[in-house]
Amino acid sequence: MRLILLGPPGAGKGTQAKFIAEKYGIPQISTGDMLRAAVKAGTPLGVQAKAVMDAGQLVSDDIIIGLVKERLAQPDCAKGYMFDGFPRTLPQADALKDSGVALDVVLEIDVPDSEIIERMSGRRVHPASGRTYHVKFNPPKVAGKDDETGEDLIQRDDDKEEVVKKRLDVYHSQTKPLVKYYGDWAATGDKAAPRYAKIAGTGPVDQITAKAFSALEG
């Protein structure tokens, strides 16, 4: 099973990725993890990437694709792999296609913006323990206080409504076009084109997982 997982921030991709990785015995590959591993290992591409990042610049698509190919050559990718959060842009999708990386399915987890904003902006965290709550779905016993210590809960900057909206704007402008890209490619009848499937990412987690598995089996 070789797939790309698409969906907006807060759609529950991380949760579903774990279940998919377990079921198919495949690694979950994110560009952030790949970059960190390559930099830590001091590979030639890792050294290049570190120099770019140290200069405060974005790592080029060429380096990212190079890292992807290195990563896919590792033994744990023999049964397949799952890209989470990559490709993010049309140029990255083109580069991935041109490099001949095989793909079976592109799975989109679709969640309306209004629900994402409610999910993320309602999160509250106890900084010392990392315990998380949600003002609506998993509220603490006393509003704004950690159940175990009674200490104050905080809203992380990433979960503030204006930040969530900005991240969604970036997703819609840069990443959402990939849905059309892969749909159009599949429609050409090209044998190398992955199948495109879409599921609703709302409702109980186990139901979403069941939908994901059935979409992947196609």
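Since we're looking at a predicted model, the values are computed, not measured.
Counting non-hydrogen atoms of neighbouring residues, nucleotides and ligands closer than 6.0 angstrom, the CZ atom of Arg2 exceeds 12 such neighbours. Applying the 6.0 Å contact sphere to NZ of Lys50 captures no more than 12 heavy atoms from other residues, nucleotides or ligands.
Considering only heavy atoms from C-beta on, Asp33 comes within 4.5 Å of Arg36 through its side chain. Here the side chains of Val52 and Leu58 are not in contact, with every heavy-atom distance at 4.5 Å or above. Under the 4.5 Å side-chain criterion, counting only non-hydrogen atoms from C-beta, Phe86 is not in contact with Ile4. By the 4.5 Å heavy-atom criterion applied to side chains, Thr209 and Gln16 are counted as neighbours. Side-chain contact between Tyr24 and Leu3 is absent, with no heavy-atom pair separated by less than 4.5 Å. Between Tyr196 and Glu108, some side-chain heavy-atom pair lies under the 4.5 Å cut-off. Counting heavy atoms from C-beta outward, Asp113 and Tyr171 have side chains that stay 4.5 Å or more apart. Between Thr149 and Arg131 there is a side-chain heavy-atom pair separated by less than 4.5 Å.
Taking each heavy atom of Ala212 and Leu107 in turn, the nearest pair found is CB-CD2, 4.1 Å. Shortest non-hydrogen contact noted between Tyr182 and Pro87 is OH-CG, 3.6 Å. Minimum interatomic distance between Glu217 and Arg195 (heavy atoms only, all atoms of both residues): C-NH2, 4.0 Å. Scanning both residues, Val59 and Ala49, for their nearest heavy atoms gives CG2-O, 4.2 Å. Of all heavy-atom pairs spanning Cys77 and Pro27, the tightest one is SG-CG, 3.8 Å. The shortest non-hydrogen separation linking His126 to Asp152 is CD2-O, 4.2 Å.
Taking Asp94 as the reference, nothing meets the salt bridge (charged side-chain N to carboxylate O under 4.0 Å, His left out) condition, with sequence neighbours excluded.
Here OG1 of Thr15 is found 10.5 Å from CD1 of Ile20. Values are rounded to the nearest 0.5 Å. Once rounded to the nearest 0.5 Å, the distance linking CG of Leu35 with CD1 of Ile64 reads 4.5 Å. The distance from the OG1 atom of Thr31 to the CG atom of Asp61 is 10.5 Å, given to the nearest 0.5 Å. Expressed to the nearest 0.5 Å, how far CG of Asp146 lies from OG1 of Thr132 amounts to 10.5 Å. Separating the CD atom in Glu162 from the CG atom in Asp157 is a distance of 8.5 Å, to the nearest 0.5 Å. Between atom CD of residue Gln92 and atom CG of residue Leu90 there is a gap of 10.0 Å, rounded to the nearest 0.5 Å.
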Q.
Go through it in stages, so that I can follow the logic: the residues are Ser129 and Glu148, the test is side-chain contact (heavy atoms from CB on, under 4.5 Å), and I'd like the CA-CA distance, side-chain angles, deciding distance and then a yes or no.
A. CA-CA 10 Å; Ser129 66; Glu148 292 188 25; over 6 Å; no

Q: Might you work through the side-chain contact (heavy atoms from CB on, under 4.5 Å) test for Met53 and Val39, ending with a clear yes or no?
A: CA-CA 10 Å; Met53 291 191 291; Val39 168; 3.7 Å; yes

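Put simply, Ile26 and Ile109 are part of the same group of oily side chains (I, L, V, M, F, W, Y) that touch within less than 4.5 Å, one to the next. The cluster map of Ile, Leu, Val, Met, Phe, Trp and Tyr, joined by side-chain heavy atoms under 4.5 Å apart, puts Val105 and Val101 in different clusters. Residues Tyr181 and Leu6 fall within the same hydrophobic cluster, defined by Ile, Leu, Val, Met, Phe, Trp and Tyr side chains chained together at heavy-atom separations under 4.5 Å. Placement of Leu96 and Leu45 within a single hydrophobic cluster is found when ILVMFWY residues are connected by side-chain heavy-atom separations under 4.5 Å, directly or transitively. By the rule that hydrophobic residues join a cluster once side-chain heavy atoms approach within less than 4.5 Å of another member, Ile29 and Leu103 end up as members of one cluster.
Judged by distance alone, with hydrogens and angles left aside, the side-chain atoms of His134 form a donor-acceptor pair with the main-chain N or O of Glu118 at under 3.5 Å. No donor-acceptor pair under 3.5 Å is formed between the side chain of Lys79 and the backbone N or O of Met1. Between the side chain of Thr175 and the main chain of Arg88, a donor-acceptor pair closer than 3.5 Å is present. For Asp147 (side chain) and Lys141 (main-chain N/O), a donor-acceptor pair under 3.5 Å exists by modelled atom type. Although no hydrogens or angles enter the test, the distance criterion places no donor-acceptor pair under 3.5 Å between the side chain of Lys13 and the main chain of Gly85.
The side-chain contact (heavy atoms from CB on, under 4.5 Å) test with Met120 is passed by exactly one of Leu168, Val163, Asp159, Asp158: Asp159.
Between Lys166 and Asp169, none of the side-chain N atoms (NZ, or NE/NH1/NH2) sits under 4.0 Å from a carboxylate O, so this pair counts as no salt bridge. Here Arg119 pairs with Glu115 in a salt bridge; the nearest charged N to carboxylate O distance falls below 4.0 Å.
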